[in-house]
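A short write-up of the structure that comes next.
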Amino acid sequence: MEGKKGGILYVVALPIGNLKDITLRGLEVLREADLVLTEDTRSFKKLERAYGLPKKELISFYKEVETEKEENILGLLKEGSRIALCSEAGTPLLSDPGARLVKRAHLEGIQVEPIPGASALTASLSVSGLNLSKGFIFLGFLPRKEGEIKERLKGLPEDMPLVLFVPPHRFSKTLQILLKILGDRRVFLAREITKFHQELTFSTLSELSRREDLKGEITLIIEGREEETSPQEPDWRLEVQTLLRKGLKIKEISRLLSKKYGRPAKEVYRLIRDIKG
């Protein structure tokens with residue numbers, strides 16, 4: 001890691017389960033950082049022991065304390081400290097604390113460096129098999145109340161997958177609310193991803209809403225509604241000419257195509273007469 005003048009705030013992705021999912025660059029940064037901001041010091045110490053990382057000053061940095069610790073951290077960065085910002089697991093700022101600090105660092109001219117790696121969001125999408133060509137909508141953790149959830153979903157495109165994190169203790173209740181608001185859509189459940197009890201399965205909102213035994217970290221992907229498309233208009237001229245070459249009479253072709261496309265026989269008969277001339 002090249003030494004640079006001034007402090008650097010490294011935003012470091014940690015494993016979401018399997019400790020082998022740390023990157024080489026991530027380990028390098030954690031070894032050479034002056035201190036580590038971590039959402040959960042106990043989780044970080046497991047990684048520290050697993051890779052024999054040198055013991056660093058760890059600052060507990062979670063939602064309830066991030067604002068009060070912000071000024072002190074910014075001061076250290078301005079003095080030249082190299083600080084690693086880590087979530088409890090996965091990539092920081094995806095429904096985790098640290099956004100205020102990172103934004104302040106940018107605004108105050110402090111270098112911010114991403115150290116990419118594991119993310120429950122991208123890992124779940126990558127094994128879902130869903131077509132993401134239109135994109136997807138990440139909602140993070142939903143509010144608790146039905147009215148607030150309904151407001152959050154209001155106006156969102158219905159043809160795009162919705163991705164959210166669901167606490168296990170609110171899983172059944174949250175899915176019952178989603179079922180009421182969205183209707184019974186297909187969903188992909190990614191639970192405890194990369195861990196021993198990993199579960200990757202397709203189901204429906206109605207079926208999953210009856211499960212009350214779920215534990216661990218849960219990512220839920222709700223499929224978008226398929227856009228209704230009108231049936232493609234057949235190439236009447238091509239079909240009629242093909243059947244005429246086979247020796248079929250107009251009335252025979254009329255009956256055949258009427259049955260095939262569900263169109264009135266008289267209407268098809270007129271089309272054939274126009275084509276035949």
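Between Arg31 and Pro54 there is a side-chain heavy-atom pair separated by less than 4.5 Å. The shortest distance between side-chain heavy atoms of Ile83 and Val36 does not fall below 4.5 Å.
Checked for salt-bridge contact, Glu71 and Arg104 meet the test: a charged N lies under 4.0 Å from a carboxylate O. By the 4.0 Å N-to-carboxylate-O rule, Arg100 lies too far from Glu66 to be salt-bridged with it. Using a cut-off of 4.0 Å between Lys/Arg side-chain N and Asp/Glu carboxylate O, Glu113 and Arg25 are scored as salt-bridged.
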Validation: residues 185-202 side-chain donor-acceptor distances under 3.5 Å, sequence neighbours left out:
{"unit_1": "Arg185", "atom_1": "NH1", "unit_2": "Glu223", "atom_2": "O", "d": "3.3"}
{"unit_1": "Arg191", "atom_1": "NE", "unit_2": "Glu199", "atom_2": "OE1", "d": "2.9"}
{"unit_1": "Arg191", "atom_1": "NH1", "unit_2": "Lys215", "atom_2": "O", "d": "3.0"}
{"unit_1": "Arg191", "atom_1": "NH2", "unit_2": "Glu199", "atom_2": "OE1", "d": "3.3"}
{"unit_1": "Glu192", "atom_1": "OE1", "unit_2": "Lys195", "atom_2": "NZ", "d": "3.4"}
{"unit_1": "Glu192", "atom_1": "OE1", "unit_2": "Glu217", "atom_2": "N", "d": "2.8"}
{"unit_1": "Thr194", "atom_1": "OG1", "unit_2": "Gly17", "atom_2": "N", "d": "3.4"}
{"unit_1": "Thr194", "atom_1": "OG1", "unit_2": "Asn18", "atom_2": "N", "d": "3.1"}
{"unit_1": "Gln198", "atom_1": "OE1", "unit_2": "Thr194", "atom_2": "N", "d": "2.7"}
{"unit_1": "Glu199", "atom_1": "OE1", "unit_2": "Arg211", "atom_2": "NH2", "d": "3.4"}
{"unit_1": "Glu199", "atom_1": "OE2", "unit_2": "Arg211", "atom_2": "NH1", "d": "2.8"}

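Minimum heavy-atom separation, Asp34 to Gly80: OD2-O, 4.3 Å. In terms of heavy atoms, Pro168 sits closest to Ile218 at CA-CD1, 4.0 Å. Across all their heavy atoms, Thr23 and Gly117 have their closest contact at CG2-CA, 4.2 Å. When all heavy atoms of Pro92 and Leu85 are compared, the closest pair comes out as CG-O, 3.6 Å.
Among Lys180, Lys173, Gln176, the one residue that satisfies the side chain to side chain donor-acceptor pair (under 3.5 Å) test with Glu146 is Lys180.
Checked by atom type and distance alone, the side chain of Ser81 never pairs as donor or acceptor with a backbone atom of Leu77 at under 3.5 Å.
Within the structure, the ring-ring contact (aromatic ring centres under 6.0 Å, His included) test picks out the following pairs touching residues 106-162 (sequence neighbours left out): Phe138-Phe165, Phe141-Phe165.
Of the N and O atoms on the side chains of Ser206 and Asp184, at least one donor lies less than 3.5 Å from an acceptor on the other residue.
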